[in-house]
Peer 1: 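Below: one structure in C-alpha cells.
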There are 2 protein chains.
Amino acid sequence: MRVPTVAVDVVLFTIDAGALKALLVQVRKGPFAGRWAFPGGLVPLGEALEDTARRELQEKTGIADLYLEQLYTFGEPDRDPSGHVVSVAYFALVPAPVPAPPDDPKYARLEWRDVRKLPRLGYGHNALADYALARLQAKIEYSDVARGLLPPEFTLAELQEVYETILGRALDRRNFRKRVLQRGLVRPVKRVRRGPHRPAELYAFAQRER
Amino acid sequence: MRVPTVAVDVVLFTIDAGALKALLVQVRKGPFAGRWAFPGGLVPLGEALEDTARRELQEKTGIADLYLEQLYTFGEPDRDPSGHVVSVAYFALVPAPVPAPPDDPKYARLEWRDVRKLPRLGYGHNALADYALARLQAKIEYSDVARGLLPPEFTLAELQEVYETILGRALDRRNFRKRVLQRGLVRPVKRVRRGPHRPAELYAFAQRER
DNA sequence: GCAAAAGTGTTGAGATTACACCCATGC
DNA sequence: GCATGGGTGTAATCTCAACACTTTTGC
C-alpha cells in the first residue's frame with residue numbers, strides 16, 4: 001500500500017435513561033481485538049465521506065435518519081497499528097428511544113455506553129469521545145442540535161432534560177423556558193401531553209436554524 | 001487506484017497593506033490549469049497530515065513557523081476531476097511583513113490576494129475560502145489567534161487594525177482596549193514604539209491561551 | 001503651535017442570574 | 001384532598017455599545 005487509507009469513525013450519541021450514551025462496537029481483529037471503539041469503516045473509492053458514515057451506521061444499527069456532522073480528521077500514521085489510516089471523525093445524534101442493537105453473533109457486538117464512564121477504547125478513541133462531547137456541549141448553547149436528540153414534538157421539561165444531561169448540570173426552569181422561547185428556538189404546537197399529572201404543552205423546533 | 005487519495009490544502013492568511021490576504025498558487029495541470037487555488041499536496045504514506053501541510057508551505061514559501069489549524073475535510077468524489085481525492089483543509093496564519101514569494105519559473109506562480117476579492121478558484125476552493133474566513137472571524141472573538149498575525153510586540157492600534165481587517169468593520173477604540181486588557185489577552189511590555197507622533201505603548205500576548 | 005496618533009470614563013440598554021409560589025391533573 | 005410535575009414574574013447584577021476630549025510627540 002503506497003498511500004494512506006481513508007476511514008470514517010462515528011460517535012453516535014443518544015439520550016437514554018437520563019444519561020448521554022454513545023454507541024460502541026467491539027473490535028474483532030488486530031491488536032485492539034476485544035476492546036471497544038466507535039463504529040467506522042473504510043471509505044471506498046467514489047463514495048462521499050458522509051455517505052460512508054451514514055451507510056456504516058445504517059448497516060450496524062438500522063438507523064437511517066440522523067443528524068450527522070463532521071468533527072475532526074486524525075491522520076497520525078501510528079494511530080492504527082495495521083497501517084496509516086486517515087480517519088475522518090463524525091458525530092451523530094439519534095432521538096431516544098433508540099432501537100435495541102441486534103445481538104446477532106454474525107456481527108460485532110454493539111453497546112450503548114454512558115459517555116462519562118467509557119472504558120479504555122481502541123484506536124485512541126477516548127480522545128475522540130472528549131472532542132465530540134466538547135463540540136456537542138458548545139453547539140447546544142447556540143444552535144438547535146438538540147433537535148437531533150428529540151422526537152418532533154416534546155415538552156419543555158424534556159428539552160430541558162436534554163440540555164442538563166449534555167451540560168452535566170442543573171438549569172433553572174424559568175430561565176430556561178424564557179431563553180428557548182425568546183430565542184425562537186421552539187414554538188408551541190397547541191397540543192398537550194397527558195400523563196399522571198398536569199398536562200404539559202407540546203413544542204416543536206422552529207423552522208429556520210440559526 | 002482502488003482507494004481515495006488523501007491531500008491537504010492550506011489557506012494561508014496574512015495581513016498586508018490593511019487587507020486580509022491569502023496565498024494562491026497557479027494550477028499547472030489538469031482541467032483547472034491556469035486557475036488559481038490554495039496550495040496543497042498529496043499526503044505520503046507515513047506522514048502526519050499537519051506535517052504535510054507545514055512541509056508544503058515550507059517548500060513553496062520558505063515560511064517555517066506559522067499557526068496551523070485544521071478546518072474541514074472535503075471528500076466528495078467528484079470535486080477533483082482527476083480522481084477521488086479526500087482533501088483535509090487547514091488554515092494558517094503568518095505575521096506581516098511576509099517575504100515576497102519567489103518568482104522562480106521552475107515553480108508554480110504564487111500570489112497574495114485579497115480574500116474578499118478572490119477570482120473563481122480551481123477545485124471549488126472558493127467554498128474553502130469562505131469557510132476559513134468564517135472560522136477566523138469566529139475564533140478571533142474568543143481566542144488569541146491574532147497572535148499568528150502579529151510580531152511578538154505590537155501596539156494596541158496594530159492589534160485593533162488586525163481585528164478590524166478580519167471582521168471587516170470599525171471597532172470603538174476605547175471599548176477595544178478595555179476588552180483585550182481585562183480579558184487578559186495582552187500585557188504591556190513597558191516599552192514604546194517611537195514614530196512621527198506620540199509614542200505608543202508596546203504589548204505582547206499573555207502566556208496562557210484561553 | 002499645529003498636525004496626527006495615543007490614551008482615557010461614564011452612561012444606558014439589554015441580557016443573565018437568582019429565587020418561590022400557584023395550577024392542573026390523576027388517583 | 002393530596003401528590004406530582006407544569007407553569008409563571010421580578011429585582012439585582014453584569015456585559016456591551018455608544019460617545020468626545022486631552023495628551024504627547026515630531027516637525
Side-chain angles (χ1 to χ4, degrees), chain A residues 15 17-18 96 137-144 146 150-151 153-206 210, chain B residues 15 17-18 96 137-144 146 150-151 153-206 210:
Chain A
I15 287 187
Q137 288 179 333
K139 278 206 96 151
I140 206 164
E141 298 280 13
Y142 64 89
S143 81
D144 64 349
L150 284 167
E153 297 186 353
F154 48 86
T155 67
L156 288 188
E158 289 165 351
L159 180 63
Q160 183 173 348
E161 206 199 322
V162 167
Y163 273 71
E164 291 181 336
T165 305
I166 288 173
L167 296 174
R169 64 190 161 91
L171 301 174
D172 179 87
R173 187 148 37 107
R174 279 169 295 191
N175 294 338
F176 179 78
R177 297 163 97 86
K178 234 182 306 171
R179 263 223 320 281
V180 298
L181 288 171
Q182 83 177 37
R183 260 202 353 192
L185 185 69
V186 298
R187 63 189 161 76
V189 280
K190 305 273 185 192
R191 264 191 295 280
V192 294
R193 155 131 357 127
R194 310 197 76 86
H197 305 297
R198 174 173 177 178
E201 294 288 328
L202 286 171
Y203 291 80
F205 282 94
R210 32 179 300 149
Chain B
I15 286 187
Q137 287 178 334
K139 278 207 95 153
I140 205 165
E141 298 281 13
Y142 63 88
S143 81
D144 64 350
L150 284 167
E153 298 186 352
F154 48 87
T155 67
L156 287 188
E158 288 165 350
L159 181 62
Q160 183 173 347
E161 206 200 322
V162 167
Y163 273 71
E164 291 181 336
T165 305
I166 288 172
L167 296 174
R169 65 191 160 90
L171 300 174
D172 179 88
R173 189 148 35 110
R174 278 167 296 190
N175 293 339
F176 179 77
R177 296 162 97 85
K178 234 182 305 170
R179 262 222 320 283
V180 298
L181 287 171
Q182 84 177 37
R183 260 199 357 191
L185 184 69
V186 298
R187 63 187 161 78
V189 280
K190 306 270 186 197
R191 264 191 296 279
V192 294
R193 155 129 358 125
R194 310 196 77 87
H197 304 296
R198 174 172 176 177
E201 293 288 328
L202 285 171
Y203 291 80
F205 282 95
R210 28 179 304 150

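Naming convention: chains lettered A, B, ... in sequence-line order (proteins, then strands); numbering from 1 in each chain.
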Peer 1: For the pair made of CD in A:Glu201 and C1' in C:dT25, what is the distance, rounded to whole Å?
Peer 2: 14 Å
Peer 1: Looking at every non-hydrogen atom in both residues, tell me the closest pair between A:Ala146 and A:Tyr163 and how far apart they are.
Peer 2: CB-CE1, 3.9 Å
Peer 1: Could you check whether any side-chain heavy atom of B:Glu141 comes within less than 4.5 Å of a side-chain heavy atom of B:Gln137, counting everything from C-beta outward?
Peer 2: no
Peer 1: How many Å lie between CG on B:Leu202 and P on C:dA6, as a whole number?
Peer 2: 11 Å
Peer 1: Taking CG from B:Asp172 and P from C:dA6, how many angstroms apart are they, rounded to a whole number?
Peer 2: 14 Å
Peer 1: When the distance from CZ of B:Arg177 to P of C:dA5 is rounded to whole Å, what number comes out?
Peer 2: 14 Å
Peer 1: Decide yes or no, distance alone: a donor-acceptor N/O pair under 3.5 angstrom between the base of C:dG7 and the side-chain of B:Arg173.
Peer 2: yes
Peer 1: Counting distance alone, no hydrogens or angles: does the base of C:dA6 have a donor or acceptor under 3.5 Å from a partner atom on the side chain of B:Arg198?
Peer 2: yes
Peer 1: Measuring from atom CG of A:Leu156 to atom OH of A:Tyr203, what distance do you get when rounded to the nearest 0.5 angstrom?
Peer 2: 4.5 Å
Peer 1: Roughly how many Å is it from CZ in A:Arg174 to P in D:dT10, rounded to a whole number?
Peer 2: 12 Å
Peer 1: CZ of B:Arg179 versus P of C:dG9: gap in Å, rounded?
Peer 2: 18 Å
Peer 1: May I ask you to verify whether the side chain of B:Arg194 and the base of D:dG26 hold a donor-acceptor pair under 3.5 Å?
Peer 2: no
Peer 1: Could you say whether A:Pro196 or A:Tyr203 is positioned toward the 5' end of DNA chain D, judged by the nucleotide with the nearest heavy atom to each?
Peer 2: A:Pro196
Peer 1: Between B:Gln160 (CD) and C:dA5 (P), how many Å, whole number?
Peer 2: 14 Å
Peer 1: Which is more 5' along DNA chain C, the nucleotide nearest B:Ala200 or the one nearest B:Lys178? Just name the residue.
Peer 2: B:Ala200
Peer 1: How close or far is atom C1' of C:dT16 from atom CZ of A:Arg169, stated in whole angstroms?
Peer 2: 12 Å
Peer 1: For the atom pair CD (B:Glu201) and NZ (B:Lys190), what is the distance rounded to the nearest 0.5 Å?
Peer 2: 8.0 Å
Peer 1: Say whether, by atom type as modelled, one donor and one acceptor occur between the side chain of A:Glu158 and the main chain of A:Thr155 under 3.5 angstrom.
Peer 2: yes
Peer 1: Which residue, B:Pro199 or B:Asn175, contacts DNA chain C at a nucleotide closer to its 5' end, judged by nearest heavy atom?
Peer 2: B:Pro199
